[in-house]
Amino acid sequence: MKSLPYIFMALLCIVSCNETKEVHTSQDILITNISIIDVVEGAVLNNRNVIIDSGRITRITTKKLPLKNFDLKIDGTGKYLMPGLAEMHAHIPPPTTSRDRIEETLFLYLSNGITTIRGMLGHAMHLELREQAKQGALLSPRIYVSSPSFNGNSVKTKEEAIKKVTQYQKDGYDFLKIHPGIKRAVFDQIIETANHVNIPYAGHVPVEVGIHHALKSNYASIDHVDGFLEGLVPESANVKAEENGFFGYAFTPLADTTKIKELVRLAKEHEVWIVPTQSLFERWFAPISAMELLNQPEMKYMPRSTLESWRKTKLSYMQDESFNENQWLKFDTIRKQLIKRLQKDGHGILLGSDAPQLFNVPGFSIQHEVKGMQSAGLTPLEIITSGTINPAKYFNAMDEFGQVKEGLSADLVILNDNPLENLSALQKINGVFLKGQWISKETIDKKLKTIAENAAKN
């Protein structure tokens with residue numbers, strides 16, 4: 001597939017938000033009379049005119065500007081402009097996947113207003129994609145790439161830990177991905193070496209490490225709220241840590257929620273961000289049928305072979321004798337208590353759904369994640385900041401993205417409704433800006449139709 005920025009370089013024209021246009025890459029763009037979502041103050045700034053030039057927001061003003069000075073004009077009357085979202089637990093397909101399918105997956109993120117992704121299982125090929133996206137040669141969200149997995153099989157000794165951490169830092173990965181199975185002594189060596197070569201680490205909490213030691217080890221983020229439920233089990237219960245089940249599910253009856261306060265305190269003290277991926281637990285490991293999930297509209301964008309694999313995996317989990325709906329309800333309640341307290345008193349929450357994962361379709365799953373965070377008690381503003389300014393803080397990129405602000409990259413979403421009033425507005429996308437490239441709703445719909453047709457063939 002040729003690079004879209006070059007294919008459409010000649011499209012210099014006047015459009016409104018509802019007219020048919022492809023990806024537009026002109027230098028001077030004016031959005032008129034639009035309401036801006038201020039993600040810092042939680043306010044709406046009405047009747048703003050926004051100028052985008054060379055991929056950046058160059059001016060925001062209430063003054064009327066001469067329309068003839070701009071190549072592309074978008075009428076924002078009655079619409080809302082907000083920063084693009086970040087999917088902080090994303091997956092980029094492996095190199096065995098066709099190039100077309102990889103590009104389709106990246107577009108699925110964009111179609112839902114996601115302009116930044118944090119790839120959580122890296123490969124050298126993903127580093128190439130990161131650079132192509134950065135240079136505008138690939139229509140893709142901004143990409144951050146994890147290292148290949150550190151787990152009990154991939155790193156068994158301290159020597160391996162030193163070698164791999166050092167190499168992955170030299171290779172240019174943005175952070176290390178921690179998976180289960182790592183022995184405590186090997187884990188400590190990973191952390192020591194990572195701190196020495198200055199590369200962050202994030203992901204799971206190995207059972208032998210435990211949540212207390214993990215938090216004190218200054219993870220950049222702990223994903224899935226992993227290890228926290230195990231941390232609520234009293235020592236007097238004398239359990240075997242390796243019998244924790246699905247993210248601590250087996251220990252649900254033993255959990256002492258009065259211990260949440262201490263874990264939250266440690267998260268704040270050690271500045272550990274949390275990526276809940278709540279949708280994973282409300283879809284994969286939850287009392288909802290595979291058929292109900294398969295009937296959801298976004299499933300048409302996934303290959304039939306993938307859907308069949310998901311169906312089988314879902315059925316195997318639900319037929320497991322350890323699964324009990326009442327226990328799941330308690331498990332879910334404790335998770336939501338943790339998420340709410342980690343938002344209120346911890347270091348902060350990052351928006352991430354773990355896609356593509358079981359019934360989590362890239363881009364669309366973030367809408368399910370938003371609902372899960374709402375049900376945990378987070379406010380619309382807290383959820384919006386978890387996907388905008390918080391990721392910018394996490395990546396030390398406050399001067400690059402995360403707000404609608406002069407000087408920042410024009411990674412933006414135009415919505416038909418106000419998301420501060422109703423988060424369902426995040427699904428009512430009128431168009432997306434990616435580093436100043438305009439992708440209209442009609443273009444998005446056209447591309448999604450093609451993706452669905454391709455998926456049906458596989």
Side-chain angles (χ1 to χ4, degrees), residues 86 88-89 118-122 144-152 154-155 158 160-232 241 247-248 259-277 338-339 341-352 386 389-398:
M88 294 296 285
H89 198 113
R118 186 177 67 141
M120 292 301 292
L121 187 57
Y144 290 91
V145 184
S146 85
S147 71
S149 171
F150 282 81
N151 58 67
S154 68
V155 56
K158 291 183 178 182
E160 281 183 301
I162 295 170
K163 181 180 179 180
K164 289 191 173 183
V165 171
T166 304
Q167 186 60 55
Y168 291 153
Q169 189 274 338
K170 288 180 179 178
D171 291 342
Y173 290 100
D174 294 302
F175 63 101
L176 308 178
K177 172 63 183 288
I178 306 297
H179 263 123
I182 304 172
K183 297 297 183 181
R184 171 73 171 260
V186 176
F187 172 85
D188 287 342
Q189 185 63 66
I190 292 170
I191 302 309
E192 179 182 336
T193 309
N195 288 328
H196 178 70
V197 302
N198 194 29
I199 185 169
Y201 35 92
H204 293 251
V205 175
V207 168
E208 195 170 301
V209 172
I211 187 63
H212 290 85
H213 188 61
L215 290 168
K216 292 173 183 177
S217 297
N218 302 314
Y219 270 63
S221 78
I222 289 178
D223 294 53
H224 314 296
V225 201
D226 193 12
F228 278 81
L229 196 141
E230 291 92 328
L232 301 180
F247 291 94
K259 293 179 175 293
I260 290 177
K261 182 177 180 180
E262 172 62 11
L263 295 179
V264 172
R265 184 192 68 77
L266 285 172
K268 183 170 185 176
E269 178 183 338
H270 293 274
E271 300 183 352
V272 180
W273 294 93
I274 306 299
V275 187
T277 68
L338 282 161
I339 292 167
R341 288 289 296 277
L342 285 161
Q343 167 63 40
K344 181 176 181 291
D345 300 317
H347 184 58
I349 296 291
L350 299 171
L351 185 65
S386 76
I389 196 168
N390 284 4
K393 291 177 181 177
Y394 174 89
F395 289 120
N396 295 316
M398 292 280 286

Next on the checklist: For N195 and Y201: C-alpha separation, side-chain torsions, deciding distance, then whether side-chain contact (heavy atoms from CB on, under 4.5 Å) applies.
Outcome noted: CA-CA 9 Å; N195 288 328; Y201 35 92; 3.3 Å; yes
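- In this model, no donor atom of one side chain and acceptor atom of the other lie less than 3.5 Å apart for H89 and T277.
- Within the 4.5 Å cutoff, the side chain of D188 has heavy atoms near those of the H213 side chain.
- The minimum heavy-atom distance linking R118 with A202 is given by the pair NH1-CB, 3.7 Å.
- Ring centroids of Y168 and F150 are separated by less than 6.0 Å, placing the two rings close together.
- Remark: I178 CD1 to D226 CG distance equals 11.5 Å, nearest 0.5 Å.
- In this structure, M88 and W273 have side chains that are not in contact, with every pair of non-hydrogen atoms separated by 4.5 Å or more.
- V225 places a side-chain heavy atom less than 4.5 Å from the side chain of I339.
- The side chain to side chain donor-acceptor pair (under 3.5 Å) check on R265 picks up E262, E269, with sequence neighbours excluded.
- Nearest heavy-atom pair, P206 versus G181, reported as atom, atom and distance to 0.1 Å: CB-N, 4.2 Å.
- The nearest pair of heavy atoms linking L229 to L338 is N-CD1, 4.5 Å.
- With rounding to the nearest 0.5 Å, the separation of CD1 in I274 from NE2 in H347 is 9.5 Å.
- Within a 6.0 Å sphere centred on NE2 of H270, other residues, nucleotides and ligands contribute more than 12 heavy atoms.
- With contacts defined as side-chain heavy-atom distances shorter than 4.5 Å, the pair H179/L121 qualifies.
- At least one donor-acceptor pair under 3.5 Å links the side chain of N390 to the backbone N or O of I349.
- Residues L351 and P391 form no side-chain contact, since every pair of their non-hydrogen atoms from C-beta on lies 4.5 Å or further apart.
- K183 meets the salt bridge (Lys or Arg N to Asp or Glu O under 4.0 Å) test with E208; sequence neighbours excluded.
- Closest of all the heavy-atom pairs between L215 and L263 is CD1-O, 3.7 Å.
- The backbone N or O of F175 sits nowhere less than 3.5 Å from a side-chain atom of S146 that would complete a donor-acceptor pair.
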Next on the checklist: Determine whether D345 and K268 satisfy the following criterion, side-chain contact (heavy atoms from CB on, under 4.5 Å), listing intermediate values before the conclusion.
Outcome noted: CA-CA 7 Å; D345 300 317; K268 183 170 185 176; 5.7 Å; no
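- Residue H212 comes nearest to L266 through the heavy atom pair CD2-CD1, 3.7 Å, listed as atom of the first residue, atom of the second, then distance.
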Next on the checklist: Let's go through V209 and I182 carefully: what are the C-alpha distance in whole Å and the side-chain angles of both, what is the deciding distance for side-chain contact (heavy atoms from CB on, under 4.5 Å) to 0.1 Å, and is it a yes or a no?
Outcome noted: CA-CA 8 Å; V209 172; I182 304 172; 5.5 Å; no
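- In plain terms, the two heavy atoms of Y173 and I199 that are nearest each other are O-CD1, 3.6 Å.
- The closest donor-acceptor contact from the side chain of Y144 to the backbone of F395 lies at 3.5 Å or more, if one exists at all.
- Interatomic distance, CZ of F228 versus CG of L232, reported as 9.0 Å (0.5 Å rounding).
- With hydrogens and angles left out, the side-chain atoms of H204 and N151 include no donor and acceptor closer than 3.5 Å.
- K177 places a side-chain N or O within donor-acceptor distance of the main-chain N or O of M120, the cut-off being under 3.5 Å.
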